*Asks:* 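Supplied in structure tokens, the structure appears directly below.
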Amino acid sequence: MNAPPRILNSGQPAAINGGGGTVTLVEASTFCLSDPLGDIHSGTSQGLFYRDSRVISRWELRLDGQPAEHLTVLTPEAFKARFILRKPPRAGVADSTVLVVRRRLIGNGLKETVTVHNLGHEDTAMTITMFVDSDFADLFAVKEGRNHGGGAEQNAVDGDLHLTDHAEPGRGLTISATAGAVMLPGTITWQVVVPARGRWDTEILAQPVVSHRRVQMAFGDDEDSPISRLKAWRATATDLTATDPALSDVLQRTESDLGALRIDGSTDGAPAYVAAGAPWFMALFGRDSLLTSWMALPLDSALAVGTLRRLADLQGTKVNPITEEEPGRIMHEMRHGPASGQVLGGTVYYGSVDATPLFVMLLAECWRWGASDQVIRELLPAADAALAWIDEYGDADGDGFVEYRRKTDRGLSNQGWKDSFDSINDASGHLAEPSIALCEVQGYVYAARLARAQLAEHFGDTGTATRLREQAENLKDRFDEAFWVAKNGWYAVALDGQKNQVDSLTSNAAQCLWTGIVSDERAAELIERLADVSMDSGFGLRTLAAGMGAFNPMSYHNGSVWPHDTAIAVAGLLRYRHIAGASELAERLTTGLLDAAIDFGGRLPELFCGFARTEFRSPVPYPTSCSPQAWASAAPLLLVRSFLGLSPCVPHRVLRVTPQLPREWGKVGLTDLRLGSATVSIHAEGATMHVHGLPDDWKLVTE
């Protein structure tokens, strides 16, 4: 009997076991987890997943009954890989003469080409077998490490192998192969003779079936193929370059990963948006998608508009305690798997306290980056509904602060970005009791009101603009009074249900700098605390300071380092660059984070352990970290933007660029940056820069 689902996403993800590390490929709603051989093993968390369902749970290549030996794996893009292998040498022979290359490409399914190279002087004969199976498990079950207990009925018909879900016959997988493959339930087999100095290859296609219909796959140069979609996106995206090879590699990986994480909505006509990340979050997430879109504005501002439109379509309209939907609330996550209704109470879950103000913030930022008045007017009702949620449902007790308490025992107990059950605790390590008002959320609300005021002013609604600015300033004053821990010199991470300060030192306080809710006087003291070695790990900002009661550098949220969190902190510090120590700390955190990225092969993971750099010379991976993960992938873009001091206001025809680039970056370039109808290029080094293509009626601000 299957185990029931846990509370929504409350536990840490299961380790992606199988031995020897994990290779993750991702493309929109499809992702694949395998070992370095390319094999997918039954009984592990590996698999090919399509729309939150595992469609392949076993995919193992055998040569004369034996696994191949690993040489290397190449992943030039997020959605394709080459597994370079060899057939084990015969007993008593030192070297192998058989090279095996598995070329894998995913996108609404899987295409794999297996090539065998015979490097010897004699023809070689062998039996090649692919063992295949599917359990059609829901993503939640796999993520939590639960035994699915399902399986597939397998039938070989007309040269294809058909796998059908026992529980839902309309769901399945069809496998086809070339080169004389023999299909039997559970296996695809080839009897081959590879000539001396010759090669043999076969192509295998694994095509998901949904509602009794095969999903349309596209590979190669087809218009809808992953390669073609990425090329088309790159043709419209800004070209980011750096003379520093390390930064250049990180930016190239960022572009590739964000392109693969885009879900273009071509199947349902929805606007493009960015998924949160692989392996467990290949879906629309309110907070993650909004923050990623914000960070990615210099690369592709259309992604932010698409994300806003998609979230507006799903905005809450009624009260439902099971899904935590409320009028005006922006959703937390959307799922499509077979158990989504059982786990989420529906396909959409709304238990997020911060996505709603972030929505309003991003809308105004899109306006500043060139979204048309038509687009802004289209989305203003959603922004106003979001502000109404903040005032009514977000501040249920009327104390002026937005807080959360889950509606049932199935919801997330913590509904900010640190959403694990033990993430909000005081300096002694005791968990906060709800309702909980997070410090950074008050900053988001402050910025959201100012953002909507700016839009109101633009459209001639001065009354609304004045009212919202007054509300924002009142919140700023009350926030300082309620959250500032005077004896310590930092902001409490939260207020608990009794309005007591939850007084631990956390990275949440650094995010308050990003939104501008902090006065200069407080910022000076806070920056000193953030610069302490208890917060600065040497590879980025810790989520919780060493010395706090719950600190654990191997925890998910209580001492780890999250790249997006550090990038937001850097953006906040550079907002206060006029305060002593702010720029120096921003550069130190950035250098550490980019050094970590190089150690991770140019791709920043979702998080890593918060051990001090003086203790371990390389960052220590967190075992269940997602990679690629959207806001981690986008973090380098926010770093570059922040050090450039890049802040356009397209409606006012103003471009502000105040560079303060780290010396080791060398020259940084943004080519074909689209700002409304204008296309400009910016090249900067240190504190100097050149802007090309700025229209004559624009104003360039450099201080």
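This is a predicted model, so every value here is computed, not measured.
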*Asks:* Give a yes or no on whether the backbone of Y50 and the side-chain of S53 come within a donor-acceptor separation of less than 3.5 Å.
*Replies:*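 Side chain of S53 to backbone of Y50, a donor-acceptor pair under 3.5 Å: no, none is there.
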*Asks:* List for me each residue that meets ring-ring contact (aromatic ring centres under 6.0 Å, His included) alongside F608, sequence neighbours excluded, and say none if there are none.
*Replies:*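 Only F600 meet the ring-ring contact (aromatic ring centres under 6.0 Å, His included) criterion with F608.
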*Asks:* Report the residue from R406, E326, K407 that forms a side-chain contact (heavy atoms from CB on, under 4.5 Å) with P321.
*Replies:*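 Exactly one candidate clears the test, K407.
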*Asks:* Using side-chain heavy atoms (C-beta onward) and a distance below 4.5 Å, is R310 in contact with S289?
*Replies:*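 A side-chain contact is absent here, since even the closest heavy-atom pair is not under 4.5 Å.
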*Asks:* Ignoring hydrogens and angles, tell me if any N or O in the side chain of S211 forms a donor-acceptor pair with the backbone of R213 under 3.5 Å.
*Replies:*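 Judged by distance alone, no pair lies under 3.5 Å.
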*Asks:* Using the rule given for side chain to side chain contact (heavy atoms under 4.5 Å, CB included), can you reason through R329 versus F359, listing the C-alpha separation, both sets of side-chain angles and the distance that settles it, and then say yes or no?
*Replies:* CA-CA 10 Å; R329 194 174 199 179; F359 179 95; over 6 Å; no
*Asks:* Please check: side-chain N/O of R405 versus main-chain N/O of P434, any donor-acceptor pairing under 3.5 Å?
*Replies:*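 Answer holds: yes.
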*Asks:* Nearest heavy-atom pair of Q442 and L475: which atoms, and what distance?
*Replies:*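 Reported closest heavy-atom pair: O-CD2, 3.5 Å.
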*Asks:* Would you please name every residue forming a side chain to side chain donor-acceptor pair (under 3.5 Å) with T75, sequence neighbours left out?
*Replies:*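 Listed in chain order: nothing, the list is empty.
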*Asks:* To the nearest 0.5 Å, tell me how far R377 CZ sits from L455 CG.
*Replies:*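 The distance works out to 10.5 Å.
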*Asks:* Does some side-chain heavy atom of T238 sit less than 4.5 Å from a side-chain heavy atom of P298?
*Replies:*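 No, their side chains stay 4.5 Å or more apart.
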*Asks:* With a 4.5 Å cut-off on side-chain heavy atoms, are S256 and R603 touching?
*Replies:*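 Answer no - side chains too far apart.
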*Asks:* Please report the interatomic distance NZ(K418) to CG(D565), rounded to the nearest 0.5 Å.
*Replies:*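 Here the interatomic distance stands at 6.0 Å.
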*Asks:* Measure the spacing between OH of Y404 and CD1 of I436 and express it to the nearest 0.5 Å.
*Replies:*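 Between Y404 OH and I436 CD1, I get 3.5 Å after rounding to 0.5 Å.
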*Asks:* With sequence neighbours left out, what residues match S560 under side chain to side chain contact (heavy atoms under 4.5 Å, CB included)?
*Replies:*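 Checked S560 against side chain to side chain contact (heavy atoms under 4.5 Å, CB included); matches are T543, W562, L607.
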*Asks:* Quick one: CZ on R104 to CG on L25, what's the gap to the nearest 0.5 Å?
*Replies:*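 Answer for the CZ-CG pair, R104 versus L25, is 7.0 Å.
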*Asks:* Looking only at heavy atoms, what is the nearest atom pair of A206 and P208, with distance?
*Replies:*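 Between these two residues, the closest heavy atoms are O-CD, 3.7 Å.
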*Asks:* Taking the side chain as every heavy atom from C-beta outward, state whether L291 and W417 have any atom pair closer than 4.5 Å.
*Replies:*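 Result no, sub-4.5 Å side-chain heavy-atom pair not found.
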*Asks:* For residues Q207 and T174, is any side-chain donor paired with an opposing acceptor at under 3.5 Å?
*Replies:*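 No, no side-chain donor-acceptor pair sits under 3.5 Å.
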*Asks:* Among all residues two or more places apart in sequence or in another chain, which pass the ring-ring contact (aromatic ring centres under 6.0 Å, His included) test with W294?
*Replies:*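 Here the qualifying residues are W514.
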*Asks:* Is there a side-chain contact between E255 and L240 in this structure, where contact means two heavy atoms from C-beta onward sitting under 4.5 Å apart?
*Replies:*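 With C-beta onward as the side chain, the pair stays apart.
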*Asks:* Is a donor on one side and an acceptor on the other found under 3.5 Å between the side chain of S57 and the backbone of D135?
*Replies:*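 Confirmed, S57 side chain pairs with D135 backbone.
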*Asks:* Not counting sequence neighbours, which residues clear ring-ring contact (aromatic ring centres under 6.0 Å, His included) with W367? List them please.
*Replies:*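 Once residues adjacent in sequence are excluded, the partners of W367 under the ring-ring contact (aromatic ring centres under 6.0 Å, His included) criterion are H458, H652.
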*Asks:* Regarding Y444 and Q511, do their side chains bring together a donor and an acceptor under 3.5 Å, going by distance alone?
*Replies:*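 Q511 and Y444 do have a side-chain donor-acceptor pair below 3.5 Å.
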*Asks:* Could you state the interatomic distance from CZ (R54) to CZ (F31), rounded to the nearest 0.5 Å?
*Replies:*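 Answer for the CZ-CZ pair, R54 versus F31, is 9.5 Å.
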*Asks:* Taking the side chain as everything from C-beta on, heavy atoms only, tell me whether L646 gets closer than 4.5 Å to L670.
*Replies:*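 Yes. Closest side-chain heavy atoms under 4.5 Å.
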*Asks:* Would L513 and R575 count as a side chain to side chain contact (heavy atoms under 4.5 Å, CB included) here? Give the steps.
*Replies:* CA-CA 7 Å; L513 294 170; R575 179 172 186 154; over 6 Å; no
*Asks:* Before you tell me yes or no, could you show the steps for R452 and D384 under side chain to side chain contact (heavy atoms under 4.5 Å, CB included), namely the whole-Å CA-CA distance, both residues' side-chain angles and the distance that decides it to 0.1 Å?
*Replies:* CA-CA 8 Å; R452 181 63 181 92; D384 290 337; 2.7 Å; yes
*Asks:* Do Y556 and E606 meet the criterion of a side-chain donor-acceptor pair at a distance under 3.5 Å?
*Replies:*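 Result is yes, a qualifying pair exists.
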*Asks:* Does V375 offer a backbone N or O that forms a donor-acceptor pair with the side chain of S372 under 3.5 Å?
*Replies:*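 Yes; judged by distance alone, with no hydrogens or angles, the pair exists.
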*Asks:* Any sub-3.5 Å donor-acceptor pair from S134's side-chain atoms to V55's backbone N or O?
*Replies:*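 Pair found, side chain donor or acceptor close to backbone of V55.
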*Asks:* Whether the side chain of S633 engages the backbone of D257 through a donor-acceptor N/O pair (distance < 3.5 Å, no angle test) should be reported.
*Replies:*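 No, S633 side chain to D257 backbone: no donor-acceptor pair under 3.5 Å.
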*Asks:* CD1/I424 to CG/L438 distance, rounded to the nearest 0.5 angstrom?
*Replies:*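 Reported to 0.5 Å precision, the distance equals 5.0 Å.
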*Asks:* Give the C-alpha distance, both sets of side-chain angles, the deciding distance and a yes or no for side chain to side chain contact (heavy atoms under 4.5 Å, CB included) between F285 and H332.
*Replies:* CA-CA 5 Å; F285 273 64; H332 172 62; 4.0 Å; yes
*Asks:* Check whether any side-chain heavy atom of L637 sits under 4.5 Å from a side-chain heavy atom of L251, and report yes or no.
*Replies:*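 Heavy-atom side-chain distance check passes, below 4.5 Å.
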*Asks:* Which atom pair, heavy atoms only, marks the closest approach of L314 to L284?
*Replies:*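 Heavy atoms of L314 and L284 come nearest at CD1-CD2, 3.7 Å.
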*Asks:* For the residue pair S420 and N414, what are the closest heavy atoms and their distance?
*Replies:*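 Taking every non-hydrogen atom into account, O-ND2, 2.9 Å.
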*Asks:* R287 and G416: which non-hydrogen atoms are nearest, and at how many Å?
*Replies:*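 So the two residues come closest at NH2-O, 3.0 Å.
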*Asks:* In plain terms, say whether E365 and R641 are close enough for a salt bridge, that is, a side-chain N and a carboxylate O under 4.0 Å apart.
*Replies:*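 Counted as a salt bridge, because a side-chain N and a carboxylate O are separated by less than 4.0 Å.
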*Asks:* Test your reading of the model: is there a side-chain donor-acceptor pair from T679 to the backbone of R674, 3.5 Å cut-off?
*Replies:*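 Such a contact is absent between T679 side chain and R674 backbone.
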*Asks:* How close do T356 and G328 get, heavy atom to heavy atom, and via which atoms?
*Replies:*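 Scanning both residues completely, I find the closest heavy atoms to be CG2-O, 3.8 Å.
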*Asks:* In chain order, what residues pass the ring-ring contact (aromatic ring centres under 6.0 Å, His included) check against F401, with sequence neighbours excluded?
*Replies:*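 So F401 forms a ring-ring contact (aromatic ring centres under 6.0 Å, His included) with F483.
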*Asks:* In plain terms, say whether K318 and E325 are close enough for a salt bridge, that is, a side-chain N and a carboxylate O under 4.0 Å apart.
*Replies:*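 Answer for the salt bridge query: yes.
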*Asks:* Is there side-chain contact between D165 and L173, with heavy atoms separated by less than 4.5 Å?
*Replies:*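 No; the side chains remain at least 4.5 Å from each other.
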